[in-house]
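The block underneath contains the structure these notes are about, expressed in structure tokens.
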Amino acid sequence: MANAWKRDKPTRFLSSKFLFLLFPSTLLLLFFAFLTPRFSTTSTSTLIATTTFLSLKAVSPFDCSASPQAHPVVANTVEGVRYPFLFSLSDFGTLPDKPHKNIVRMLKGKPFRKPDISVTIQDLLEKAKSEGKDGLVVDVGANVGMATFAASAMGFQVVAFEPVFENLQKICEGIYFNRVSDLVTVFEAAASDHVGNITVYKLLGRLDNSAISATGAKLAFKSNEEVAFQVKTVPLDEVIPESKPVLLLKIDVQGWEYHVLKGASKLLSRKGSQAPYLIYEEDERLLQASNSTAEMIRSFLRSVGYHDCTQHGTDAHCVKKDPS
């Protein structure tokens, strides 16, 4: 998925000089983490005020003010985006021998490497703004907020869905760091085609690769141990009112895309340019692990009027045009 960080050369084992630099920096980060104040309780009332347009019968928003803070806190600005934002890591790599590449970059005084999806999101929303359009951005499989904060940094309201608790903690940090509690609403849930519960599998040390299917979770990282946990499922049509305009729908759920799309049939059936610009991951291996295929998705999208889809790596971009 375009969410992935751009690949650098493999990180070598750290030299003694680098370990010397890493140790005091780590202490500083830990010191900062324990001194950082928890979310203000006023954020709860702000959250309620900004979610009145949503349908909250099936699921309630995740309350960042009641969530324990993650430790340590490692955050930095993201390089090269037109609308800058702060980003907080969830994957620290293997410390101290092989830290995440962005920890290495930070210790060298560099900003975090930008994820492709952040640039894509901001380019699309910049075009929408130039055309006088406004509306929600819906981020399904938000991970730690790469797309969410790229959009909220531009002033757009974002509704995000993320089932992994550790990732939710990082999203809450990002909401605090970027001061966007009035723009971002996050749900601890998996978007699907029904209301209920489902088992999700997360990989220890690779929280960006959780999936509904245990096979799907382990496809890219076979050596990691997976942990199963239960989460709520909710269709997007149960949360997003028909009266609320949606500019962009981004889906990255490791093979569960077909079920998310089926649960958003009303949203996707909107006429012409009133329907959202759609970005979803179309990885055949992951889709088959969740008992679906790319052709099943394309067939469903054609049935709701999306006939114009283009491939961008493992992502598909689909748009519905106004009738001429």
CA sep, side-chain torsions, deciding dist, call: Arg105, Arg113, side chain to side chain contact (heavy atoms under 4.5 Å, CB included): CA-CA 8 Å; Arg105 288 177 63 86; Arg113 177 78 72 185; 3.4 Å; yes
Backbone of [Y] reached by a side-chain donor or acceptor of [X] within 3.5 Å:
X	Y	result
Asn76	Met106	no
Asn178	Leu86	yes
Glu173	Ile171	no
Lys320	Val304	yes
Thr293	Met296	yes
Asp139	Gly145	no
Gln122	Ala150	yes
Lys250	Gly141	yes
Ser118	Met146	yes
Glu162	Val144	no

Got a second to check how far [X]'s [atom1] is from [Y]'s [atom2], nearest 0.5 Å?
X	Y	atom1	atom2	answer
Ser290	Glu257	OG	CD	8.0 Å
His317	Thr310	NE2	OG1	6.5 Å
Leu168	Cys64	CG	SG	8.0 Å
Ile103	Phe112	CD1	CZ	7.0 Å
Ile175	Ser181	CD1	OG	7.5 Å
Asn143	Thr148	CG	OG1	9.5 Å

Aromatic ring pairing Phe165/Phe62, orientation class (parallel under 30°, perpendicular over 60°, tilted between): perpendicular
Aromatic ring pairing His259/Trp256, orientation class (parallel under 30°, perpendicular over 60°, tilted between): parallel
Hey, are the side chains of [X] and [Y] touching, using non-hydrogen atoms and a 4.5 Å cut-off?
X	Y	value
Thr120	Ile279	yes
Tyr280	Cys318	yes
Phe187	Val234	no
Lys170	Glu166	no
His307	Lys321	no
Asp134	Pro245	no
Gln288	Leu286	no
Phe149	Val78	no

Is the count of non-hydrogen atoms from other residues, nucleotides or ligands lying under 6.0 Å from [X] atom [atom1] greater than 12?
X	atom1	value
Lys232	NZ	no
Glu242	CD	no
Arg82	CZ	no

Qualifying residue for side chain to side chain contact (heavy atoms under 4.5 Å, CB included) with Pro276, from Leu247, Ile240, Leu267: Leu267
Positive for side chain to side chain contact (heavy atoms under 4.5 Å, CB included) with Leu278, one of Val319, Leu248, Val138, Leu261: Leu261
Pairing of Arg298 and Glu295 as salt bridge, 4.0 angstrom limit: no
Ion pair Glu131/Lys127, N-O distance below 4.0 Å: yes
Donor on one side chain, acceptor on other, Thr314 and Asp283, under 3.5 Å: no
Axial cation check for Tyr306 ring with Arg302, 6.0 Å and 45° limits: no
Over all atoms of both residues, closest heavy-atom pair of Ala275 and Leu268: CB-O, 4.2 Å
